[in-house]
Amino acid sequence: MSKTYIIAEAGVNHNGSLDLARKLIDVAAEAGADAVKFQTFRADALTTRAAPKATYQRETTDAAESQYAMLKALELDESDHEALVAHCQERGIQFLSTPFDTESLALLVDRFDIPRVKVPSGEITNGPLVLAAARTGRPVILSTGMSTLGEVEQALGALAFGYTAERSASPGFEAFADAYASDEGQEALRTRVTVLHCTTAYPTPLAEVNLRAMDTIHGAFGVAVGYSDHTVGIVIPIAAVARGATLIEKHFTTDRSLPGPDHRASLEPGELAEMVRSIREVEASLGYAIKAPTSAELENRPVGRKSLTAAVPIAEGEEFTPQNVTAQRPGTGISPMHYWEYLGANAGRTYKTGEAL
């Protein structure tokens, strides 16, 4: 079992404060996460000024404030990124951030050399951004909230094209489909892409989690799968690891009561640490698919199993019968699976009660 890659999703829970962002890095590092992830965007490129907020955003922020104004206050500029990358290096945790436009993607890759590119659920149909993510050559994490299986396949086609096609090649639906169907494209997807099952609802009702969709994604596309969680608590991401998730992403905060769109559906520091510990324990328990006695079981097998024994004293030459042969511990003698072979045979010597045959 490979180690599950755990991303502590800080997102925009820094509330526009660099000091709070540093504290989030500290929390993620202390919890034992592999990476802490922020969001990199320009409000002007992400949304129109007239775009409405989602219902959960209206409930957790000023309902009269526009989505644009909310996002504008949550932007991180280049100097902020530089400070956060430096703090991650000091704390020994990997810095990641999700780009929402190609300019932000270029900043993260060219300026800060992020090792993986995350394509968020809302951008899965943003063909130019998906293609640009693949053309960086970096591994891609593709989140699939709100998506149909067909939309996931289209995005994978764009990634396959971006990984394998010449820069001079013209992108488009047909070119993406051809790249997806090619052996080279399939190899690129298997080795460079992790697809995250996700339900885009904050918080996600348990009845809408649908963890079995991870099985569907893996079966349909043959790619590594993971889970981006928006439920309350830590049970579901732990269950996802037991079900085969190779990557877990979970929002966290320093305080769930803070104002902001995502705090309510986030873990607090102690919960994040407990989630990481629990995932590591599940990993240790998964082991191998082979069903065979473990070393601990081999030690206990003679104690826990039975052998054929004499139920009563048996004389030499006496016939073995259901009345004088039984099965008792320890399991150091003849297995009771041979019981019927002994019935009707004659004892070659005398046996005391309880003596192994």
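Remember, predicted model here, so these are calculated numbers, not experimental data. Excluded from the calculations below are hydrogen atoms, water molecules and symmetry mates; all remaining heavy atoms, backbone and side chain alike, are included.
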Could you pull out the closest heavy-atom pair between A240 and I248, with the gap in Å?
CB-CD1, 3.9 Å

Lys/Arg-Asp/Glu bridge criterion (N-O < 4.0 Å) met for D34, R280:
yes

Before accepting this row, confirm whether a basic side-chain N of the pair K352/E355 lies closer than 4.0 Å to the acidic partner's carboxylate O.
no

Checking the side chain of H81 only, and the main-chain atoms of D77 only, is there a donor and an acceptor separated by less than 3.5 Å?
yes

With a 4.5 Å cut-off on side-chain heavy atoms, are V117 and L105 touching?
yes

Between T144 and L196, is a side-chain contact (heavy atoms from CB on, under 4.5 Å) present by the stated rule, with each step listed?
CA-CA 6 Å; T144 62; L196 304 188; 5.6 Å; no

Hey, is the main chain of P205 close enough, under 3.5 Å, to the side chain of E208 for a donor-acceptor pair?
no

Using a 6.0 Å cut-off, check whether atom CG of D183 has over 12 heavy atoms from anything other than its own residue.
no

Specify the closest pair of heavy atoms between A35 and Y5, including all atoms of both residues, with the distance to one decimal.
CB-OH, 3.4 Å

Salt bridge check: are E283 and K3 linked by an N-O gap of less than 4.0 Å?
no

Parallel, tilted or perpendicular: which one describes the rings of F100 and F41, with boundaries at 30° and 60°?
perpendicular

Which is it for S285 and E281 under the side-chain hydrogen bond (donor to acceptor under 3.5 Å, both in side chains) test, yes or no, and what are the steps along the way?
CA-CA 6 Å; S285 73; E281 289 175 356; over 6 Å; no

Salt bridge K118-E249, side-chain N to carboxylate O under 4.0 Å
yes

Please confirm whether the backbone N or O of A51 pairs with a side-chain atom of T48, one donor and one acceptor, at under 3.5 Å?
yes

Step-by-step side-chain contact (heavy atoms from CB on, under 4.5 Å) determination, T253 to L258
CA-CA 9 Å; T253 180; L258 287 172; 4.1 Å; yes

What one should report as the nearest heavy-atom pair of F320 and Y342 is CB-O, 3.2 Å

Establish, yes or no, whether the cationic atom of R264 lies under 6.0 Å from the six-membered ring centre of Y56 and within 45° of the ring axis.
no

Tightest non-hydrogen contact, residues N15 and G260, listed as OD1-CA, 4.3 Å

Look at R22 together with D80 and state whether they make a salt bridge at an N to O cut-off of under 4.0 Å.
no

Counting only N and O atoms by type, is there a donor-acceptor contact under 3.5 Å from the side chain of R116 to the main-chain atoms of I141?
no

State whether the side chain of E75 and the backbone N or O of A43 hold a donor-acceptor pair below 3.5 Å, judged by distance alone.
yes

Do L149 and L189 belong together in a cluster built from hydrophobic side chains that touch within less than 4.5 Å?
yes

Run the side-chain hydrogen bond (donor to acceptor under 3.5 Å, both in side chains) test on N210 and T199 for me, step by step, so that the C-alpha distance in whole Å, both residues' side-chain angles and the decisive distance to 0.1 Å come before the verdict.
CA-CA 8 Å; N210 298 324; T199 304; 5.5 Å; no

Is there a salt bridge (Lys or Arg N to Asp or Glu O under 4.0 Å) between R192 and E187 once you walk through the steps?
CA-CA 8 Å; R192 302 191 202 181; E187 177 66 15; over 6 Å; no

Tell me whether E174 at atom CD has more than 12 heavy atoms from other residues, nucleotides or ligands lying less than 6.0 Å away.
no

Under the side-chain hydrogen bond (donor to acceptor under 3.5 Å, both in side chains) rule, what do K37 and T98 come out as? Steps first, then yes or no, please.
CA-CA 7 Å; K37 187 166 71 62; T98 300; 2.7 Å; yes

Would one find more than 12 heavy atoms of other residues, nucleotides or ligands at under 6.0 Å from atom CD of E103?
no

Could you tell me whether the side chain of K306 and the main chain of G333 form a donor-acceptor pair under 3.5 Å?
no

Whether over 12 other heavy atoms sit under 6.0 Å from R349 CZ
yes

Does the plane of the ring in Y180 sit parallel, tilted or perpendicular to the ring in F221? Use 30° and 60° as the thresholds.
perpendicular

Ion pair check, E271 and R256, cut-off under 4.0 Å
yes

Against T326, only a single residue in T353, T309, V312 fulfils side chain to side chain contact (heavy atoms under 4.5 Å, CB included); can you say which?
T309

Could you check whether atom CZ of R58 has more than 12 heavy atoms from other residues, nucleotides or ligands sitting under 6.0 Å from it?
yes

Begin with the C-alpha distance, continue with both residues' side-chain angles, and end with the deciding distance and a verdict on side-chain hydrogen bond (donor to acceptor under 3.5 Å, both in side chains) for D19 and S17.
CA-CA 5 Å; D19 285 341; S17 165; 5.1 Å; no

Would you please classify the geometry between the H230 ring and the H251 ring as parallel, tilted or perpendicular, with 30° and 60° separating the classes?
tilted

